[in-house]
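Any value given below was found using the heavy atoms of this structure, including those in side chains, with hydrogens, waters and symmetry copies removed. Positions are given from 1 along the sequence. Please read all numbers here as calculations on a predicted model, not as lab measurements.
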Amino acid sequence: MTDVRDYPNVLVMEHPLIQHKLSILRDEKTGAKEFRELVKELAMLMAYEATRNFQLAETTVKTPVTETTTKVLAGKKVAVIPILRAGLGMVDGILELIPAAKVGHVGLYRDPETLRPVEYYCKLPEDIGERDILIVDPMLATGGSAAAAVQFLRDRGAKEINLLVLLAAPEGIDEVVRTCDNIKIYTCAVDSHLNDHGYIVPGLGDAGDRLFGTK
Ligand code: PRP
Ligand code: URA
């Protein structure tokens with residue numbers, strides 16, 4: 001049984017606002033419009049935490065009162081990489097906080113029989129190796145999709161990788177920690193287990209279908 005306390009690179013975001021919004025997200029009665037809004041808000045709150053250690057430099061600003069020394073972001077630029085398609089729901093919230101971030105896309109779907117990820121698209125910023133990366137996907141289930149996305153990015157030179165998921169199964173955390181070196185995982189909750197179809201229990205159902213109303 002996974003105990004995230006054994007994983008220093010896994011952060012469970014216990015903030016009350018996050019937990020409250022996550023409960024509404026889980027509710028089967030929550031419709032697509034509200035579901036999309038909540039995913040966006042949760043992504044924004046997660047990005048706030050995931051950027052906590054970004055570098056700052058001093059600058060000088062003249063306020064209406066006097067000149068003063070203040071701080072501005074000075075570290076690497078950011079790339080947000082949604083795993084298609086459900087990861088798309090998390091992009092806009094992050095771009096509201098970090099409007100200069102570039103967005104790359106990794107297209108993966110889970111084969112319903114094997115549960116293994118199948119790649120169908122990959123388009124990344126050219127300077128991906130120079131950027132701090134936020135991979136976003138609402139669900140970390142078996143971990144196959146996230147591990148494949150990390151591998152695509154590594155193959156193309158990516159170094160600093162953070163994975164932001166709304167919900168994680170213990171199995172998915174184990175898989176990403178086992179297969180991916182040097183990445184940090186942020187999640188709002190670690191659920192109980194996966195069912196026979198690879199769905200997170202209790203979970204929130206199929207994130208892509210709930211976001212885009214396809215079921
Ligand atoms: C979902 C989810 C993840 C993946 C997680 O996508 O958004 O990408 O499953 O499962 P895993 O950890 O077992 O790989 P899905 O394959 O349903 O595609 P979609 O986003 O297009 O709905
Ligand atoms: N993908 C989803 O959308 N939900 C799950 O529970 C597992 C994978």
Side-chain angles (χ1 to χ4, degrees), residues 13 15 17-48 50 79-99 101-124 134-149 152 162-169 171-173 176 185-215:
M13 303 192 55
H15 192 287
L17 278 177
I18 288 183
Q19 294 305 313
H20 180 82
K21 288 175 190 293
L22 181 61
S23 297
I24 305 171
L25 197 70
R26 288 182 190 274
D27 190 331
E28 64 176 5
K29 294 197 291 299
T30 299
K33 177 174 181 290
E34 193 179 4
F35 193 91
R36 275 195 293 274
E37 288 165 359
L38 288 162
V39 169
K40 178 178 169 181
E41 288 165 6
L42 283 163
M44 193 187 289
L45 293 167
M46 294 190 81
Y48 177 75
V80 183
I81 314 289
I83 301 180
L84 304 180
R85 100 198 121 131
L88 286 174
M90 296 176 70
V91 173
D92 285 353
I94 298 179
L95 288 182
E96 279 189 21
L97 279 189
I98 316 171
K102 288 199 172 162
V103 181
H105 295 86
V106 174
L108 291 171
Y109 71 88
R110 237 177 27 156
D111 182 290
E113 300 297 324
T114 65
L115 300 184
R116 294 301 306 155
V118 182
E119 181 195 356
Y120 61 90
Y121 189 76
C122 184
K123 180 87 178 171
L124 303 173
L134 306 177
I135 299 179
V136 296
D137 191 331
M139 311 303 273
L140 180 64
T142 64
S145 303
F152 292 149
N162 301 281
L163 173 65
L164 276 56
V165 298
L166 302 185
L167 273 187
E171 295 90 331
I173 291 179
V176 172
I185 304 174
Y186 295 83
T187 185
C188 304
V190 180
D191 275 9
S192 164
H193 63 280
L194 297 177
N195 68 16
D196 292 345
H197 305 288
Y199 276 81
I200 299 176
V201 181
L204 51 73
D206 188 305
D209 284 342
R210 293 193 67 185
L211 269 170
F212 299 113
T214 39
K215 245 186 202 156

Looking only at heavy atoms, what is the nearest atom pair of [X] and [Y], with distance?
X    : Y    : answer
M90  : A43  : O-CB, 3.3 Å
L164 : M46  : CD2-CB, 4.1 Å
G144 : P117 : O-CG, 3.3 Å
T187 : A168 : OG1-N, 3.5 Å
V176 : A146 : CG2-CB, 4.0 Å
I18  : L42  : O-CD2, 3.7 Å

Problem set entry | Other residues, nucleotides, ligands: >12 heavy atoms within 6.0 Å of H20 NE2 | no
Quick one: pull up [atom1] in [X] and [atom2] in [Y] and give me the separation to the nearest 0.5 Å.
X    : Y    : atom1 : atom2 : result
L166 : R26  : CG    : CZ    : 10.0 Å
L108 : F152 : CG    : CZ    : 5.0 Å
L97  : L45  : CG    : CG    : 8.5 Å
D191 : L167 : CG    : CG    : 5.0 Å
D137 : L84  : CG    : CG    : 9.5 Å
L38  : L211 : CG    : CG    : 10.5 Å

For [Y], does its backbone N or O pair with a side-chain atom of [X] as donor and acceptor, under 3.5 Å?
X    : Y    : result
E171 : L194 : yes
R210 : L204 : yes
H197 : Y199 : no

Exercise. Taking the six-membered ring of Y120, is the NZ or CZ of R85 close enough (under 6.0 Å from the centre) and on axis enough (within 45°)?
Worked result: no
Problem set entry | Side chain to side chain, F35 and L25, heavy atoms closer than 4.5 Å | yes
For this session: Dump the intermediate steps for side chain to side chain contact (heavy atoms under 4.5 Å, CB included) on V106 and L124, then the final yes or no.
Result: CA-CA 8 Å; V106 174; L124 303 173; 4.3 Å; yes
